[in-house]
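Have a look at the structure below before the remarks.
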Amino acid sequence: MVHWSAEEKQLITSVWGKVSVEQCGAEALARLLIVYPWTQRFFSDFGNLSSPTAIIGNPRVRAHGKKVLTSFGEAIKNLDNLKATYAKLSELHCDKLHVDPENFRLLGDILIIILASHLGRDFTPACQFTWQKLVGVVAHALAHEYH
Amino acid sequence: MLTAEDKKLIQQIWGKLGGAEEEIGAEALWRMFHSYPPTKTYFPHFDLSQGSDQIRGHGKKVVAALGNAIKNMDNLSQALSELSNLHAYNLRVDPPYFSLQFLSQCLQVVLATRLGKEYTPEVHSAVDKFMSAVASVLAEKYR
C-alpha cells in the first residue's frame, strides 16, 4: 500500500481544490489526442478529430474528459484504497477497452503540465513531486487487474 | 517528425524565455531530481541541494545545448553530434528515451508554469516532439 504523508495529502487536496474538473478534464483528454495522435485509435467513433481545433471543440472529447477527471477525483478521495477503488475500471480498460497502460502514464504527465499552466509558480516542485507520485499510483491501480 | 509549424512554434516559445535560460534549466533539473530520484544517481559528484551552484551551472549548460539544437533543427544529428558521443560513450545515461522523458516532462512543466495559457496544445505538442527528437539523436550511438 502506498504511503501518503500529511504534507502530500495537503498538496494533493489544495491543488485539486483549484481545479475545474470539467475544464481540466476536457483539456487533458484533448491534449492527449493532440500530442500523442495515436491515442485517437481509442476514440474512432468520437467524430471529428482532424485537427487540434476540431479536437478541442469536440463535445464528446469534452464530455469524456470530464468523466475521466471526475473519476480521478474518486482516486483522490480514496488515496488509501486505490486498487479496490479502481478494480472495476481496471478490468474495463483491459477486457473491453483494450488500452495499453502506457497511455495512463501519458495522460498523467499531460495532466501535470496542464496543472502547471493553470497554477503557474504555485505549482511548486513539491507539488509536482507529489502529483507525479499520484498519477503514477493511479496508473498503477488502473493497470492492476490486467491479465 | 517536426513540421515547419512545429519549428516555428518552438523558436517563438524559446524567444519568450527572455534571458531566464539559466533559471529555467536549474529549475527543470531540480524538479527532475525531486520528482524522479533515480535521476540523481548520475550526479553523485554534485551538490544536489536546492539552488546549488552545480545545479545552476549544469542547468545553464543543458539549456544552452537545447538552444543550440533549436537553432539547428534541420540538422539535429550534426548539431548534437558531440553530445551524442558524450552520452553514448562517456556518460552512458540509461537510454535517453527513459531519462530524457523525465527531463522533458520537467522542462515542460517549468515552461508551462511560466507561459500559462501560452503553453497551448500546439506548443506542447511541438516541444514534446522536439525533446523526443533530441532524445533519439542522443541515443543514436548507444549501440
Side-chain angles (χ1 to χ4, degrees), chain A residues 7-8 11 15 18 20 23-24 26-40 49 51-58 61-62 65 102 105-137 139, chain B residues 1-3 5-6 9-10 13 16 20 23-24 26-40 48-52 55 59 97-98 100-133:
Chain A
E7 193 201 343
E8 284 171 340
L11 283 171
V15 167
K18 298 178 186 163
S20 150
Q23 172 59 22
C24 285
E27 227 185 299
L29 187 59
R31 282 190 190 233
L32 182 73
L33 299 173
I34 292 167
V35 179
Y36 306 112
W38 54 89
T39 57
Q40 291 172 25
L49 298 178
S51 70
T53 311
I55 291 171
I56 292 167
N58 184 313
V61 170
R62 298 191 68 84
E102 170 65 8
R105 189 188 63 76
L106 293 181
L107 185 61
D109 277 356
I110 280 181
L111 177 62
I112 285 180
I113 287 177
I114 285 171
L115 293 175
S117 77
H118 281 262
L119 297 172
R121 309 287 182 132
D122 284 351
F123 197 66
T124 60
C127 281
Q128 182 183 355
F129 165 62
T130 302
W131 275 77
Q132 296 282 177
K133 178 178 170 181
L134 176 61
V135 301
V137 164
Chain B
M1 281 258 322
L2 288 169
T3 63
E5 181 63 20
D6 287 332
L9 284 174
I10 291 166
I13 279 301
K16 292 194 173 153
E23 244 180 83
I24 286 170
E27 195 185 330
L29 283 180
W30 172 250
R31 283 179 183 264
M32 185 184 77
F33 293 140
H34 210 22
S35 294
Y36 306 105
T39 55
K40 292 194 281 192
L48 290 176
S49 57
Q50 188 166 20
S52 86
I55 294 186
Y97 47 84
F98 292 141
L100 251 209
Q101 238 162 35
F102 301 139
L103 180 62
S104 172
Q105 172 73 356
C106 292
L107 178 66
Q108 291 197 58
V109 167
V110 174
L111 293 177
T113 60
R114 283 161 189 261
L115 297 169
K117 285 203 172 50
E118 282 181 72
Y119 204 70
T120 62
E122 289 87 340
V123 169
H124 179 165
S125 173
V127 173
D128 199 272
K129 281 163 84 172
F130 170 69
M131 291 302 285
S132 193

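By convention in this document, chain letters (A, B, ...) are assigned in the order of the sequence lines, proteins followed by strands, and residues within each chain are numbered from 1.
Heavy atoms of other residues, nucleotides or ligands lying less than 6.0 angstrom from CD of E7(A) number 12 at most.
A distance of 8.0 Å separates OG in S132(B) from OH in Y36(A), rounded to the nearest 0.5 Å. Taking OG of S125(B) as the start and CG of L33(A) as the end, the distance is 11.5 Å to the nearest 0.5 Å. Atom SG of C106(B) sits about 9.0 Å away from atom CD1 of I112(A), to the nearest 0.5 Å. To the nearest 0.5 Å, atom CG of residue D128(B) and atom CD1 of residue I113(A) are 7.0 Å apart. How far OG of S117(A) is from CZ of R114(B): 14.5 Å, rounded to the nearest 0.5 Å. Atom CD in E122(B) sits 6.0 Å away from atom CD1 in I34(A) (nearest 0.5 Å).
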Worked verdict on F123(A) versus R31(B) for side chain to side chain contact (heavy atoms under 4.5 Å, CB included): CA-CA 11 Å; F123(A) 197 66; R31(B) 283 179 183 264; 4.2 Å; yes
Show the numbers, then the answer: is there a side chain to side chain contact (heavy atoms under 4.5 Å, CB included) between K117(B) and H118(A)? CA-CA 7 Å; K117(B) 285 203 172 50; H118(A) 281 262; 5.9 Å; no
I'd like to know whether L119(A) forms a side chain to side chain contact (heavy atoms under 4.5 Å, CB included) with T113(B), so could you lay out the CA-CA distance, the side-chain angles of the two residues, the decisive distance to 0.1 Å, and finally the verdict. CA-CA 7 Å; L119(A) 297 172; T113(B) 60; over 6 Å; no
Run the numbers on Y119(B) and I114(A) for side chain to side chain contact (heavy atoms under 4.5 Å, CB included), then give the verdict. CA-CA 9 Å; Y119(B) 204 70; I114(A) 285 171; over 6 Å; no
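Within the 4.5 Å cutoff, side-chain heavy atoms of Q101(B) are placed close to those of R105(A).
If you measure heavy-atom distances from T130(A) to chain B, you find no contacts under 4.5 Å at all.
Each of Q50(B), K129(B), Q108(B), E27(B) has some count of heavy-atom pairs under 4.5 Å with chain A, and the biggest count is that of Q108(B).
Q128(A) and Q105(B) are not linked by any side-chain donor-acceptor pair at a separation below 3.5 angstrom, with hydrogens and angles left out of the test.
When all heavy atoms of I56(A) and P121(B) are compared, the closest pair comes out as CD1-CG, 3.8 Å.
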